[in-house]
Amino acid sequence: RAGELALAEMRRKHNAPLKLLCRLAAEAVLSSPSGVLPHRDIIGQLPGQVLRTSGGARLLLRRPSLDEYVLLMPRGPTIAYPKDISALLMMMDIHPGDTVLETGSGSGAMSLFLSRAVGPQGRVLSYEIRDDHHSLAKKNYRHWRSAWELGHVDKWPDNVEFILKDISTAAADMKSVTLDAVVLDMLNPQCALPVVHPSLKQGGVCAVYLANITQVVDLLDRIRSCKLPFLCERIIEVTHRNCDAAETNCSVPYIARPSHWQEAHSAFLTKLRKFRPLLS
Ligand SMILES: C[S@@+](CC[C@H](N)C(=O)[O-])C[C@H]1O[C@@H](n2cnc3c(N)ncnc32)[C@H](O)[C@@H]1O
């Protein structure tokens, strides 16, 4: 339907997929490297339909999944990648109904996954210091929700509060909340820990997304020197090894093996558990 998001997928040389995202509008056209496809040809089709572009290429049309949307939506700062987000959600053991704090909102990728994980009874508090990132995260969230509502019976929950504020100045906000979990994806997560830890429930997890291992060392050093009540339970890197399966014209029907091009490093994920020191 007009207003919904559509994902067009085509196969290029060596079977490499190309994914194009658009919001359907009656007068618009989808441009691909192999010609155009008017949106009016897509509107009214069921997801999973294959259509041809003006240049004769085949496009498979369907609704994007959430991970495809966040990879293709407009970006300000780098997003937390879906492969890492799923590991972070597991680290924090998030349940429907939970209250979770994230910093920073960035482009809003993590916020959307948190929104889905905590569900309509849950709450996400998303802090962002920069006005432009705050606006973009809200816009990406709004676009996903409005497109979702056109294609589904259930509404997407309106459960993310985007807050334009430096997290290190948010101590007063924290007095009125109890957090089931915290996730930090920002340059200097050390500055957030003293502010958020009093509101994190005892035994709760603060998961931290950092690009460099030296940043992880700085984080742990700050926890030690400031005697913050966190134990480092795990530091992981999530690697996916992509494989290709190519048809052949010889006796074996397929050759399947790791792709020549692999995704590079994205982040180190650190799991911090809040504890209560021994009673003396
Ligand atoms: C890498 S981005 C986060 C990306 C986000 N997780 C996503 O998936 O789209 C880091 C964000 O943290 C914000 N940030 C950095 N320091 C901050 C602070 N002290 N308080 C709030 N936000 C902060 C930055 O402006 C930036 O937008």
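Atoms within each ligand, like the ligands themselves, are counted from 1 in listed order. Quick caveat, the model's predicted, so the values are computed rather than measured.
For ligand 1 and Lys165, the ligand atoms under 4.0 Å from any heavy atom of the residue are 20 (N), 21 (C). The atoms of ligand 1 that sit less than 4.0 Å from any heavy atom of Thr78 are 1 (C), 2 (S), 4 (C). Ligand-side atoms of ligand 1 in range of Thr103: 20 (N), 21 (C), 22 (N), range being under 4.0 angstrom from any heavy atom. Within ligand 1, the atoms closer than 4.0 Å to a non-hydrogen atom of Arg130 are 25 (O), numbered from 1 in the order shown. Each of the following atoms of ligand 1 lies closer than 4.0 Å to a heavy atom of His133: 25 (O), 26 (C), 27 (O). Those atoms of ligand 1 that come under 4.0 Å of a heavy atom in Met186, given as number and element, are 12 (O), 15 (C), 16 (N), 17 (C), 18 (C), 19 (N). Near Asp166, meaning under 4.0 Å from one of its heavy atoms, ligand 1 places the atoms 18 (C), 19 (N), 20 (N). Each of the following atoms of ligand 1 lies closer than 4.0 Å to a heavy atom of Pro77: 2 (S), 27 (O).
Between Trp148 and His152, the ring planes are parallel. Angles under 30° get that label, and only those over 60° would be called perpendicular. Phe230 and His197 have perpendicular rings, their planes meeting at more than 60° on a 0 to 90° scale where under 30° would count as parallel.
Scanning the protein heavy atoms around atom 25 (O) of ligand 1, the nearest turns out to be Glu128 OE2, 2.6 Å. Residue, atom and distance of the protein heavy atom nearest to atom 20 (N) of ligand 1 are Ile167 N, 3.0 Å.
The closest approach between any non-hydrogen atom of Leu187 and ligand 1 is not below 4.0 Å. The shortest heavy-atom distance from Arg75 to ligand 1 is not under 4.0 Å. The shortest heavy-atom distance from Gly76 to ligand 1 is not under 4.0 Å. Within the structure, ligand 1 has Gly108 among the residues with a heavy atom less than 4.0 angstrom away.
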task: Evaluate the side-chain hydrogen bond (donor to acceptor under 3.5 Å, both in side chains) criterion for residues Ser65 and Asp67: first the C-alpha distance (whole Å), next the side-chain angles of each, then the deciding distance (0.1 Å), finally the verdict.
output: CA-CA 6 Å; Ser65 59; Asp67 66 315; 2.5 Å; yes

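Counting heavy atoms closer than 4.0 Å to ligand 1, residue Ser105 contributes backbone atoms (N, CA, C, O) but none from C-beta onward.
Ser107 approaches Met73 most closely through the heavy-atom pair O-CE, 3.3 Å. Nearest heavy-atom pair, Gly122 versus Asn159, reported as atom, atom and distance to 0.1 Å: O-CB, 3.4 Å.
Side-chain contact check for Ile42 versus Leu51: some heavy-atom pair is nearer than 4.5 Å. Taking 4.5 Å as the limit, some side-chain heavy atom of Met110 sits within range of a side-chain heavy atom of Leu88. A 4.5 Å side-chain heavy-atom check between Leu193 and Leu184 finds at least one atom pair inside the cut-off. A 4.5 Å side-chain heavy-atom check between Phe268 and Gln215 finds every atom pair outside the cut-off. Counting heavy atoms from C-beta on, the side chains of Trp261 and Asn242 never come closer than 4.5 Å.
Of the listed residues (Ile129, Leu112, Leu164, Asn188), the one carrying the non-hydrogen atom nearest atom 14 (N) of ligand 1 is Ile129. Nearest to atom 10 (C) of ligand 1 by heavy atom, out of Leu136, Leu88, Asp185, is Asp185.
Within a 6.0 Å radius of CZ in Arg234, no more than 12 heavy atoms belonging to other residues, nucleotides or ligands are found.
Residue Cys191 places no N or O, backbone or side chain, under 3.5 Å from any N or O of ligand 1.
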